[in-house]
Amino acid sequence: MNFKRLFLISLFIFGITGKNIAQTINPGDIWPDNNGVHINAHGGGLLFHEGTYYWFGEHKIEGEKGNQAWVGIHCYSSKNLTDWHDEGIALSVSKDPESPIVEGCIIERPKVVYNEKNQQFVMWFHHELKGMGYKAAKTGLAVSDRVTGPYKYIHSINPNSGYWPENVCSIHKQPVPETTESSYCGGPGCLPAHPDTVNILGRDFEKGQMSRDMTLFIDDDGTAYHIYSSEENSTTHISKLSDDYLSFSGEYVRVFPNRYMEAPSIFKHRGKYYFIASGCTGWAPNAARLSVADDIFGPWTELGNPCVGEGKETTFGSQSTYILPIEGKKDAFIFMADRWNPENAIDGRYVWLPVQFDENGWPFLEWIDEWGLSFFK
Ligand code: DGJ
């Protein structure tokens, strides 16, 4: 298509809608929806359902206050991943002070999956109780029969109460208040000689484990996994959900012990699982970390920073949230990340980049100012 024709088509689209619909992905820029308003879906995840992509994320408001939840989870839909239609608030916070999701609590990193068996949309999110900072470390559950909602809040929990991970040594399978250097058994999920010697796993055995930054992953066989920063963020847990995706099965592993990872995201490519997360530096960006495994329950091997070029030390000023496989395209994945603005939360930006593969097949990420789905052959 020549330039003049492209220009006329752009004029036409702008003319009939009066809005500037996005034709390309421009990482870090304002991203207008169908109403010309910057998309408000932070820490988000995507779901492809019956030919349409749905983007769910944290609805933020202006100022620092926007770091708490005052509205809920926003949903947008798109056929092409560039122009997005506002579908409204999928899960609303409550005005009832007795509700765990009362306005002013913290709701982060929502992810929605579709359960075929029950024909139900299932949303899990990181939930902190109002006025308690990040202490509660719970994961919240909401469900809906319609993809765009409204979602009904069910409850918030600390997962796997009364269950030990699959990969800790038997020496650790007792609720002990403390562990010492001598209890280090060297297994992949072994409790490390923690700097402050507190056995957080044992401490939380009865009441359930801590669950902060999180994502969901559906494997090829339909099994769902909930992946979250646990044990005071020191260690990641990978947990199998029940068949209806509504509860934790009690089967889980602890991975990357004492590596303090946040912002988990995961994808599967040619039989291998790849995990991209961040370090733990609050809202400030840091270098992403890539890991690989043949089995989702591990063992996992860290491969280092997947980012290359300028900006690689800060993941291009952003933090991972989700990795989307593109429908109908082979080897095509989008790495999605947030460029947070904690002083004015609503102005957070989205950094979406194609996952590229080097000559050895390892994934890498590089900055691109402007790109489209034609990037994928
Ligand atoms: C980093 C996390 O990844 C975010 O989701 C948020 O919880 C901030 N920390 C809060 O400081």
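Read the numbers this way: they start at 1 and go in the same order the structure lists the ligands and their atoms.
Ligand 1 has Gly282 within reach: a non-hydrogen atom of the residue lies less than 4.0 Å from it.
The distance criterion of under 3.5 Å between nitrogen or oxygen atoms is met by Arg109 with respect to ligand 1. The N/O atoms of Asp213, backbone and side chain alike, include one that comes under 3.5 Å of an N/O atom in ligand 1.
Residues passing the ring-ring contact (aromatic ring centres under 6.0 Å, His included) test with His74, sequence neighbours excluded: His59, Tyr76.
Contacts between Arg212 and ligand 1, counted as non-hydrogen atom pairs separated by less than 4.0 Å, are absent for every part of the residue.
Residue Trp283 has at least one heavy-atom neighbour below 4.0 Å for each of these atoms of ligand 1: 4 (C), 6 (C), 8 (C), 10 (C), 11 (O). For ligand 1, the atoms lying closer than 4.0 Å to a non-hydrogen atom of Glu108 are 4 (C), 5 (O), 6 (C), 7 (O).
A donor-acceptor contact shorter than 3.5 Å links the side chain of Asn80 to the backbone of Asp83. Judged by distance alone, the side chain of Asn118 and the main-chain N or O of Gln120 form no donor-acceptor pair under 3.5 Å. Within the 3.5 Å criterion, the main-chain N or O of Gly43 finds a donor-acceptor partner in the side chain of Asp338.
Between the side chains of Gln319 and Trp340, at least one donor-acceptor pair of N or O atoms lies under 3.5 Å.
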